J.: 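Here it is, the structure, as structure tokens.
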Amino acid sequence: MSSRSTPLRLHPRTVALWFFALFLIAASALSTSARAQIHLKTSSNAPASVVQTPRVRAELVAQAPDGVTAGQTLWLGLKLTHEPGWHTYWKNAGDSGLPTDLQWQLPAGLSAGAIEWPTPHALRVGPLVNYGYEGDILLPVPVKVAADFQAPASGMAEIHLSANWLICRVECIPESGEFTLQLPVQGTTATHGSDFLKAHAQQPTQLSATGKATVQAAEGDERINLRISGLPAALQGQSLEFYPENAETFKHAAESGKDWQQRWDGNDWVAEGLPLSDMRGETPRQLAVVIALPTAAREAALSQGQPIAWRSELSVEGQWKAAALATVSPALAAALEANKNAAAAPAAPPASSASSLWAALLGGLIGGLILNLMPCVFPVLAIKVLGFAGHGQNQRAQRMGGLAYAAGVILSFIALGALLLSLRAAGQHLGWGFQLQSPIVVSLLAALFTVLGLNLAGLFEFGSILPSRLASAQARNPVVDSFLSGVLAVAIASPCTAPFMGASLGFAIDMPTAQALTVFAALGVGMALPYVLAAFVPAVVRWLPRPGAWMQTFRHAMAFPMFATVVWLVWVLGHQSGMDAAAALLALLLALAALIWSLNLSGKSRAVLTTLAVLLTAGIGYYAMPLITTQATGATATESSELWQPWSAEKVQSLQAAGQPVFVDFTAAWCVTCQVNKRTTLSNAAVLDAFAQRKVQLMRADWTRQDPAITQALHALGRSGVPVYVLYAPGKPPVVLSELLSQSEVLTALAQM
């Protein structure tokens with residue numbers, strides 16, 4: 001029979017591999033540059049020396065009055081212009097935070113020194129005290145030009161800088177930028193001369209006199225007294241601010257309170273009773289501290305050309321304990337004691353790691369089985385039922401198809417796991433389901449399910465629009481079709497985290513690569529196992545009727561789960577990039593549907609309408625892509641209310657320090673299980689009343705877009721994906737609840753709090 005009378009049909013799963021490859025490539029490309037996508041938005045009109053984010057403008061600047069001259073020193077710096085309310089950190093960030101890090105790539109003959117940090121000021125967030133900068137600040141770096149420096153033939157020295165900074169308001173967001181600056185070898189570069197002058201004026205003046213620090217150890221408490229000599233006589237009698245350069249030495253929050261006193265003893269400034277941190281290593285023999293004018297008095301001093309801060313290196317007398325366990329919670333004390341015992345104990349035998357691997361493998365297998373019951377996988381279940389019915393009573397075809405499907409599932413899980421591990425090894429903060437944190441991947445999947453839905457609805461057959469050689473591939477190789485259906489299953493199921501699966505993935509992330517990949521393979525085995533059993537045990541699918549006309553009706557009905565998946569993906573994109581992006585994607589999908597419809601026409605109208613549809617799709621795509629890749633702002637980006645507040649690690653720490661319990665919902669718009677739990681258990685009146693009675697602060701950590709802070713928090717909990725539900729009770733370890741959250745589980749956890 002000719003192909004004309006019997007059009008070749010290509011099953012929708014046959015094209016799944018193309019789309020799956022597309023979204024893997026997109027996920028890899030987007031994740032590799034995730035910091036730029038999630039946190040940075042570089043202006044298209046700005047030079048490569050400028051990076052603009054919604055929170056800060058960062059610029060690489062230089063001061064070289066004599067050009068790049070052999071044997072001389074020039075200055076480079078990163079200028080940060082913070083939006084109101086935002087701040088970055090000093091070399092010692094204080095109770096929380098991270099200092100800005102600069103990594104230089106300079107021409108041969110140029111060597112960069114350390115940042116010459118301007119004097120910070122105290123930043124108070126709840127009970128925490130940090131040290132950092134607001135407004136405009138320049139971090140200057142001296143660059144030594146070697147005596148044998150040879151000028152490049154171009155006459156320009158190309159400067160590259162990779163910078164990382166943590167910017168905070170109440171929430172904290174890691175940001176980074178790549179900067180390039182062309183510096184003329186001959187001539188003057190001093191466009192930011194005033195910024196460098198101000199930065200130099202803000203640096204502490206080194207005191208020549210050596211100060212002294214004396215440790216006072218008391219029962220359950222340790223403090224230190226400082227005596228600093230050599231300060232200007234004009235400062236006598238003034239109250240000064242104190243900034244320690246040594247991290248994890250002092251209780252910074254207590255430094256700003258009334259737990260210690262400062263006074264003048266002749267020409268010496270004395271601080272008495274500064275509390276030492278409970279978490280310390282070996283006693284440093286030297287302490288470096290900065291003593292500064294109060295923030296309000298600095299501008300006047302700078303305008304008069306006077307210094308605003310002084311740096312002193314103090315020799316330490318006395319010895320403090322390794323850790324003052326009496327001042328910390330019993331849980332923390334036990335953890336410290338366990339760490340001490342572990343350090344003194346011999347190395348654990350290999351059986352310990354082997355048992356962890358076997359536990360992770362078992363959890364992955366069970367989690368993969370349960371994954372088949374998660375809402376994400378329902379569209380695949382429908383397609384698999386259609387596939388089993390299509391094989392009818394051909395047991396050999398069923399068995400080959402079941403094995404091929406299993407191979408597609410297992411290899412796809414291994415490939416996705418390998419990609420995740422390689423990106424994490426490259427420094428990306430990613431977790432399970434990372435691909436759906438990319439708006440482009442979400443859009444590609446929406447296009448895939450639109451095409452599959454139109455095919456199942458009978459609008460077109462792949463064989464009518466694809467080359468005959470490609471279209472006949474499915475008929476010649478039905479095993480390939482089953483393999484690709486496994487690939488499609490993983491593409492849909494990968495954002496989900498089932499019970500047992502979260503803990504196993506958390507273990508796998510920290511395992512050696514070979515062991516980690518076996519856990520991902522076990523996950524695939526668990527997911528594929530029911531279909532392999534169905535393929536080899538005829539009784540499992542015997543309830544299905546023989547192939548017949550009902551299959552066409554069933555096929556058309558299966559289009560609706562595909563379109564429902566498209567609705568969900570458009571909703572996810574709305575959370576990621578805003579409603580304009582969701583509308584743009586819908587318009588793009590409409591144009592795609594028109595293009596597919598036009599390809600099935602015949603005669604002259606096909607060429608005309610197809611051309612118009614291609615132009616329409618390209619035009620909408622041109623305007624849609626910038627909207628799709630833009631991060632949403634405002635309420636669309638972060639769901640919050642009077643009841644649920646946006647999560648931040650600092651908020652959790654602050655509330656726990658104040659004795660208030662916290663419940664955190666780690667969620668994402670693309671996680672269907674998260675949305676089910678949110679609209680059932682977490683909206684239940686009895687559960688909400690129990691939270692209110694115990695004064696539990698509810699927080700929501702939205703992982704819809706990549707967020708390194710949330711990724712790190714999940715990693716600390718031994719998890720690599722969402723949903724994760726955690727109850728923090730003061731003085732107790734965090735309680736991690738199950739992924740399929742129930743009302744009784746939450747109420748029980750609250751009762752035991």
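Please read all numbers here as calculations on a predicted model, not as lab measurements. No hydrogens, no waters, no symmetry mates; every other heavy atom, side chains included, goes into these values.
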J.: Can you list, pair by pair, the side-chain donor-acceptor contacts under 3.5 Å of residues 103-111, counting residues two or more places apart and other chains?
T.:
residue : atom : partner : partner atom : Å
Q103    : NE2  : D101    : OD1          : 3.2
Q103    : NE2  : D101    : OD2          : 3.1

J.: Between CE of M699 and NZ of K651, what distance do you get to the nearest 0.5 Å?
T.: 5.5 Å

J.: Quick one: are P646 and R700 in side-chain contact, heavy atoms under 4.5 Å?
T.: no

J.: Quick check: closest heavy atoms across L98 and A93, and the distance to 0.1 Å?
T.: N-CB, 3.8 Å

J.: Can any side-chain N or O of H82 pair as donor or acceptor with the backbone N or O of G135 at less than 3.5 Å?
T.: yes

J.: Please give me the minimum heavy-atom distance between G113 and V141, naming the atom from each residue.
T.: O-CG1, 3.3 Å

J.: Backbone N or O of V50 within a donor-acceptor pair of the R57 side chain at under 3.5 Å?
T.: no

J.: Can any side-chain N or O of E175 pair as donor or acceptor with the backbone N or O of I167 at less than 3.5 Å?
T.: no

J.: Can you tell if the side chain of E134 reaches within under 4.5 Å of the side chain of H121, non-hydrogen atoms only?
T.: yes

J.: Verify side-chain contact (heavy atoms from CB on, under 4.5 Å) between V56 and W86, making sure each step is shown before the conclusion.
T.: CA-CA 8 Å; V56 68; W86 294 91; over 6 Å; no

J.: Would you please classify the geometry between the H87 ring and the Y89 ring as parallel, tilted or perpendicular, with 30° and 60° separating the classes?
T.: perpendicular

J.: Is a salt bridge present between D195 and K79, judged by a nitrogen-to-oxygen distance below 4.0 Å?
T.: yes

J.: With a 3.5 Å distance limit and no angle check, can you tell me whether Y728 reaches the backbone of L655 through a side-chain donor-acceptor pair?
T.: no

J.: Without swapping roles, check the side chain of T81 against the backbone of D136 for a donor-acceptor pair under 3.5 Å.
T.: no

